[in-house]
2 protein chains.
Amino acid sequence: MKAQELHGHLDALLLAVLEQGALHGYAIIEALRARSDGSLDLPTGTIYPALRRLERAGHVASTWSTVNGRERRTYELTDAGRRALAGERAGWHEFRVTVGRFLDPGSPPGTPA
Amino acid sequence: MKAQELHGHLDALLLAVLEQGALHGYAIIEALRARSDGSLDLPTGTIYPALRRLERAGHVASTWSTVNGRERRTYELTDAGRRALAGERAGWHEFRVTVGRFLDPGSPPGTPA
DNA sequence: CCTTCATACGTAGCTACGCTACTTGTCGAA
DNA sequence: TTCGACAAGTAGCGTAGCTACGTATGAAGG
């Protein structure tokens with residue numbers, strides 16, 4: 001799918017992926033691709049800046065490690081990040097219902113009961 | 001809701017509103033507000049440029065009329081617009097499923113059956 | 001009469017944010 | 001030794017919605 005439509009929801013996706021355990025950037029990209037059956041194939045230029053944004057916001061924390069001579073920055077959800085994720089989930093739900101009222105089939109204009 | 005999350009979905013909303021009949025810009029804003037129970041209260045600076053974009057793209061057509069001394073530009077879906085709306089609906093569905101896999105409750109990681 | 005508010009259109013400039021394209025570097029395989 | 005997967009990152013661009021204006025009419029209220 002056209003990924004630009006993610007606008008505003010990327011942070012939530014990243015937090016959701018990290019909810020299941022700490023990962024490094026590259027692995028996050030792979031996790032998104034895997035869990036979406038390839039629909040979400042996000043470039044590094046999207047992920048890395050987003051992760052730094054989340055870190056600045058205090059929603060994730062990172063630690064460096066070296067594995068096989070390769071530098072890895074591993075990201076982990078903070079408590080604030082977990083709270084933020086809950087908020088993002090609520091926001092996503094409202095968004096999905098609101099937009100769905102216009103775009104989902106079944107009950108366009110006047111559907112009282 | 002924070003309207004910036006609409007990013008990329010606004011066109012679809014406008015087409016969906018016009019699907020039920022031609023409306024002028026101001027009325028479109030009111031229709032969005034009404035059908036979303038007030039969640040979508042979009043400023044004119046968002047709607048008018050968007051409508052012109054849709055017109056340039058050939059998805060809507062506009063006709064001027066004067067009602068009570070007030071100028072009205074009434075927008076109507078074109079056939080291409082109707083096709084575009086169908087595409088937007090499909091895109092919305094895929095988007096909602098993909099993002100939902102991460103943010104909706106119920107089936108986070110490995111849910112085979 | 002004059003102000004104010006709802007109606008109705010519109011533009012200029014800002015900002016957020018995801019994307020493209022690029023760089024740096026290690027390691028394993030061909 | 002060259003190429004591709006792994007791993008991180010930045011600079012600059014484009015899209016698109018938002019803020020804050022500006023214009024104009026008609027109705028309501030003082």
Side-chain angles (χ1 to χ4, degrees), chain A residues 1-15 17 22-34 36 39-57 59-60 62-75 88 91 95 98-99, chain B residues 1-15 17 22-34 36 39-57 59-60 62-75 88 91 95 98-99:
Chain A
M1 59 173 246
K2 285 176 296 175
Q4 26 265 83
E5 298 168 358
L6 279 182
H7 240 292
H9 304 282
L10 176 61
D11 290 9
L13 290 183
L14 293 176
L15 295 176
V17 166
L23 289 174
H24 62 280
Y26 197 87
I28 290 173
I29 294 174
E30 294 184 316
L32 285 167
R33 190 167 43 222
S36 68
S39 295
L40 288 174
D41 197 357
L42 304 182
T44 67
T46 292
I47 298 302
Y48 291 123
L51 287 169
R52 312 189 113 247
R53 227 191 316 125
L54 289 174
E55 187 166 28
R56 267 203 314 279
H59 295 162
V60 302
S62 69
T63 48
W64 281 100
S65 57
T66 304
V67 178
N68 287 5
R70 290 219 186 80
E71 298 284 296
R72 280 186 180 177
R73 174 121 92 166
T74 300
Y75 290 91
E88 295 277 8
F95 174 76
T98 301
V99 177
Chain B
M1 59 172 246
K2 286 175 296 176
Q4 26 265 81
E5 298 170 356
L6 279 183
H7 240 289
H9 305 281
L10 176 61
D11 289 10
L13 290 182
L14 293 175
L15 294 175
V17 166
L23 289 175
H24 62 281
Y26 197 87
I28 290 174
I29 294 174
E30 292 184 317
L32 285 167
R33 190 168 42 222
S36 69
S39 295
L40 288 173
D41 197 357
L42 304 182
T44 67
T46 291
I47 298 302
Y48 291 124
L51 287 170
R52 312 188 115 246
R53 229 190 316 125
L54 288 174
E55 187 166 29
R56 268 204 314 278
H59 295 161
V60 303
S62 70
T63 48
W64 281 100
S65 58
T66 304
V67 178
N68 286 6
R70 292 219 187 80
E71 299 284 296
R72 282 186 179 178
R73 173 122 94 167
T74 300
Y75 291 91
E88 296 276 8
F95 174 77
T98 300
V99 177

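Chain A is the first sequence line, chain B the second, and so forth, proteins listed ahead of strands; every chain is numbered from 1.
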Measure from [atom1] on [X] to [atom2] on [N] and round the result to the nearest Å.
X: A:L32; N: C:dC19; atom1: CG; atom2: C1'; answer: 16 Å
X: B:L14; N: D:dA16; atom1: CG; atom2: C1'; answer: 13 Å
X: B:F95; N: C:dG18; atom1: CZ; atom2: P; answer: 11 Å
X: B:E88; N: D:dA16; atom1: CD; atom2: P; answer: 11 Å
X: B:H7; N: D:dG14; atom1: NE2; atom2: P; answer: 16 Å
X: A:D11; N: C:dG18; atom1: CG; atom2: P; answer: 6 Å
X: B:L10; N: D:dC18; atom1: CG; atom2: C1'; answer: 12 Å
X: B:L40; N: D:dG17; atom1: CG; atom2: C1'; answer: 13 Å

Test side-chain contact (heavy atoms from CB on, under 4.5 Å) applied to A:Y75 and A:L54, A:L51, A:L14, the passing residue: A:L51
Nucleic acid footprint by protein, nucleotides 4-11 of chain D - heavy-atom cut-off 4.0 Å, B for base, S for sugar-phosphate alone: -BBBBBB-
Spacing of CD1 belonging to B:I28 relative to CG belonging to B:L13, to within rounding of 0.5 Å: 11.5 Å
Phosphate-side-chain proximity, A:R53 and C:dG18, N/O vs OP1/OP2 below 4.0 Å: yes
5'-most by nearest nucleotide on DNA chain C - A:G69 or A:H9: A:H9
Non-neighbouring partners of A:E30 that pass side-chain hydrogen bond (donor to acceptor under 3.5 Å, both in side chains), sequence neighbours left out: none
Polar side-chain atom of A:E88 near backbone of A:D11 as donor-acceptor pair, under 3.5 Å: no
Within-4.5 Å side-chain heavy-atom neighbours: B:L23 and B:T74: no
Mutual orientation of the aromatic rings belonging to A:H9 and A:F95 [parallel < 30°, tilted 30-60°, perpendicular > 60°]: tilted
